[in-house]
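We use all heavy atoms of the structure for the numbers below, so side chains are in, but hydrogens, waters and symmetry mates are not. Values in this document were obtained by computation on a predicted structure and should not be read as measured data. Below, chain A is the first sequence line, B the second, and so on; all start at residue 1.
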Protein chains: 2
Amino acid sequence: MPIVAVIGDGQLARMMQTAAIELGQSLRLLASSKDASAAQVCSDVLLGDYTNLEHVRLAALGADAVTFDHEHVPNEHLDALIAEGINVQPRPEALIFAQDKLEMRKKLQSLGAPVPPFARIDSLEDAQAFWDQVHGEVCLKARRGGYDGHGVWFPDTQEELSTLVQELLEAGTPLMAEEKVALRGELSAMVARTPSGVTQAWPVVESVQRDGVCAEAVAPAPALPVALRQQAEELSVSLANGLGVTGVLAVELFLCQGAQGALELSVNELAMRPHNTGHWTQDGCCTSQFEQHLRAVLDLPLGDTHTTAEYTVMANVLGAPEDPVMPMQQRVIEVMRRYPKAKIHLYGKEHRPGRKIGHVNYCGEDLAHTRAAANAAAYFLVHATWPDHTSEH
Amino acid sequence: MPIVAVIGDGQLARMMQTAAIELGQSLRLLASSKDASAAQVCSDVLLGDYTNLEHVRLAALGADAVTFDHEHVPNEHLDALIAEGINVQPRPEALIFAQDKLEMRKKLQSLGAPVPPFARIDSLEDAQAFWDQVHGEVCLKARRGGYDGHGVWFPDTQEELSTLVQELLEAGTPLMAEEKVALRGELSAMVARTPSGVTQAWPVVESVQRDGVCAEAVAPAPALPVALRQQAEELSVSLANGLGVTGVLAVELFLCQGAQGALELSVNELAMRPHNTGHWTQDGCCTSQFEQHLRAVLDLPLGDTHTTAEYTVMANVLGAPEDPVMPMQQRVIEVMRRYPKAKIHLYGKEHRPGRKIGHVNYCGEDLAHTRAAANAAAYFLVHATWPDHTSEH
């Protein structure tokens, strides 16, 4: 059976391993430590540094495909591997659009995808010009490395923008800016694509952010007009093709109020790997994103993506400000007792405030109950108390 | 998170590992080789011999629970571990009824469970007396170690019975005999039970044997009269309680025609671990038997067992008489192409004629199509040709 080498050791690699096991495979990992989330559950683990070409090369040796659980491997390393005949998926030519937000915006614009006005920010003058262009509705972004609200700023005044830009440029952070949108919600449109060019989309989900972090995903996105649903799905497929993505592509979308008052889509971010907003597929879909990613990077036929429940809600288990006294295992017991249908997924990670240490999937027919159950279960796992508003059950 | 030590390295342990990973755990294995099915996919593997007390003790060290993927660990070893304070689940007092068919029959009879007439066979005289008692309708069984039709004989004549009994007793094989039943079908009633005594049953499935080996399981059992379904489910629960089983119990049932012509249940075999007829739960049920087994042996609250599809059919991938020239990976591709909904589970095992090297789960609404698809997919994976009768799709 084929060997997939995964560069990265987080929960995405961990959950790829559960899919790999059932397909008769077993992942090879390049991990930073034996205690890392994915390294705990794989037998074929190489300890090393993904910024070190020699380490990445060793992990790739003899693998049928090399893929990633993050976007941070230097592209020159990937180019070197490809020159040596290694099957790297996705390719650096595609990955660049998930690594650099300015390159992504430029490419999306050239493909005709809906994006807000944007500009490269290399100086205070660039920042001031853009402030004027969008009447102060500025969202400033680090071009690289941002995630979960990190690397994104919303300056309220021109002075604030100038101070930020000066500090960041001096610190060597490449910047871009784009116009703030009149946000009405967030969606995620996910698709898998093989090197042969076959694509298979999942139903579009609604993604709920709290404090800049994905807290919840609801599949399929409730109350989404069918035209927007179709547009989002088609967009994910056309972007996968247009960018030459292989494996899973997540297109994070803003649902915003356009100039005419109608709801419109706008691309927020891209990720070229399994994505937090696709975790629901483990329990609510015929083919999970983790299985599909492996199938896609190996150029196998893709699996069916029909849902297996009316609604599936994924709620992230996010480290509370303080780790409760009640041991995690006791919290798991309380959640299992109250919610026998809850699917608890834990990543083998230590508590840290705000850290994603797991998620809960919950399938059901009644949307309100399903959302309440998923969120209450996830909440209890880190707070050891039930949220006040869950009187249901 | 808790550590479950599994004595055994086959596909059952392998599939427990996928459940363990998602629960934030990772199994510890006592395995016979690094290449064994489960050892391929775990990081915490101790190589050793399950008949060696010292090896079993080392695997159990510090584990929150010790469990099994087979019934062959000597019970005196388990008694020794328990005396040392190790949490062994299930307990040897229960396991004995899955290890020794005569003890099982006696216990079932004492619990009032339906079993055919049976007798201990220690001599040719015992065999002749039983032949007369059941008018030659004799099924001879090795008391221990039988599986998949091994250790079961159906002598056609009294002479054949005598020859068999003489040979087997001389070889040191403890024997029992029971009356052949007028078989109309086979069912499997599965349940999980915790050390605290909580039970949760799955829907009863129909199990289809070919050449003495489970070939297929259909969940829920189609066209089963509701009274028999309820009886089978209640029987599994009462046996789990009556025998003091912890973890998963599979009650293999004969559906037979009774003296009055009505359909009746009769217990065939017991297994105290995840079971082949429960593999469908991975893709067709809220809680899989592998997750439930871990929850049960750790005395956690049990998960919901409602089905997530109208029908789920599991078809075993059984080694063909000859391994086809087409590489396995190409066969996987062909099956994925033809059946995007097929859930392929492979065990990392080499080909051997008749060997269980995987299974295919298929969920659907139309029973005939679902059965045909599951069986065609499983057939192709070992024959590299489609069965003649599948003109569908």
Side-chain angles (χ1 to χ4, degrees), chain A residues 1-2 14-15 17-27 34 37-45 64 200 282-284 286-287 291 295 298-306 308-309 327-329 332-349 357-358 361 363, chain B residues 1-2 14-15 17-27 34 37-45 64 200 282-284 286-287 291 295 298-306 308-309 327-329 332-349 357-358 361 363:
Chain A
M1 298 301 295
R14 183 184 176 103
M15 293 185 275
Q17 167 72 345
T18 69
I21 291 174
E22 295 303 324
L23 288 173
Q25 310 169 14
S26 185
L27 296 186
K34 281 190 70 168
S37 177
Q40 294 166 17
V41 301
C42 292
S43 62
D44 190 2
V45 179
D64 297 89
Q200 179 74 45
Q282 291 178 304
D283 298 298
C286 181
T287 305
E291 178 182 345
R295 290 166 77 142
L298 288 167
D299 209 12
L300 303 177
L302 297 177
D304 183 285
T305 52
H306 79 275
T308 56
M328 178 54 104
Q329 184 60 7
V332 168
I333 289 171
E334 299 294 335
V335 170
M336 285 179 167
R337 183 174 294 133
R338 184 159 174 174
Y339 295 112
K341 285 174 64 182
K343 305 313 298 174
I344 297 174
H345 301 263
L346 295 173
Y347 307 154
K349 288 183 160 182
I357 60 169
N361 286 335
C363 299
Chain B
M1 299 301 293
R14 182 184 177 105
M15 293 185 276
Q17 167 72 343
T18 69
I21 291 173
E22 295 303 323
L23 289 173
Q25 312 169 13
S26 187
L27 296 186
K34 281 190 70 170
S37 178
Q40 294 166 18
V41 301
C42 293
S43 62
D44 191 2
V45 178
D64 296 90
Q200 179 74 43
Q282 292 178 304
D283 298 298
C286 182
T287 306
E291 178 181 344
R295 289 165 77 140
L298 287 167
D299 209 11
L300 303 176
L302 297 177
D304 183 284
T305 51
H306 79 275
T308 56
M328 177 55 105
Q329 185 60 7
V332 168
I333 289 171
E334 299 294 333
V335 170
M336 286 179 166
R337 185 173 294 136
R338 184 159 174 174
Y339 294 112
K341 286 174 65 183
K343 305 313 296 175
I344 297 174
H345 302 263
L346 295 173
Y347 307 154
K349 289 184 160 181
I357 61 169
N361 286 335
C363 299

Legend entry - B:Ala19 portion near chain A, given a 4.5 angstrom heavy-atom threshold: neither
Legend entry - Portion of A:Val332 that has a non-hydrogen atom of chain B nearer than 4.5 angstrom: side chain
Legend entry - Gap separating the CE atom of A:Met336 from the CG atom of B:Leu298, nearest 0.5 angstrom: 8.5 Å
Inset, instruction - Check for a donor-acceptor pair, side chain of B:Ser43 on one end and backbone N or O of A:Gln40 on the other, with a separation under 3.5 Å. - result: yes
Inset, instruction - Would you give the length of the straight line joining atom OG1 of A:Thr305 to atom NZ of B:Lys341, rounded to the nearest 0.5 angstrom? - result: 11.5 Å
Legend entry - Flag side-chain contact, heavy atom, 4.5 Å: B:Ile21 against A:Ile21: yes
Legend entry - Proximity breakdown for A:Leu302 and chain B, heavy-atom pairs closer than 4.5 Å: backbone
Legend entry - Which of B:Pro301, B:Ala309, B:Gly24 touches chain A most, by non-hydrogen pairs under 4.5 Å: B:Pro301
Legend entry - Among B:Leu27, B:Thr287, B:Asp44, B:Val335, residue most engaged with chain A (heavy-atom pairs, under 4.5 Å): B:Thr287
Inset, instruction - Hey, could you give me the CG/OG1 distance between A:Asp283 and B:Thr308, rounded to the nearest 0.5 Å? - result: 9.5 Å
Legend entry - Residue among B:Cys42, B:Gly348, B:Ala39, B:Ser37 with most heavy-atom pairs under 4.5 Å to chain A: B:Cys42
Legend entry - Residue A:Cys286 versus chain B: region with a heavy atom under 4.5 Å: both
Inset, instruction - For side chain to side chain contact (heavy atoms under 4.5 Å, CB included), just list the numbers for B:Arg14 and A:Glu22, CA-CA rounded to whole Å, side-chain angles, deciding distance to a tenth of an Å, and then say yes or no. - result: CA-CA 9 Å; B:Arg14 182 184 177 105; A:Glu22 295 303 324; 5.7 Å; no
Legend entry - Interface moiety of A:Gln200 toward chain B, non-hydrogen atoms closer than 4.5 Å: neither
Legend entry - Pick from A:Gln17, A:Arg295, A:Gln25, A:Met1 with the largest number of heavy-atom pairs that fall under 4.5 Å of chain B: A:Arg295
Legend entry - pair A:Leu300-B:Gln329: side-chain heavy atoms closer than 4.5 Å: yes
Inset, instruction - State plainly whether the residues A:Glu291 and B:Lys343 are in salt-bridge range, i.e. N to O under 4.0 Å. - result: yes
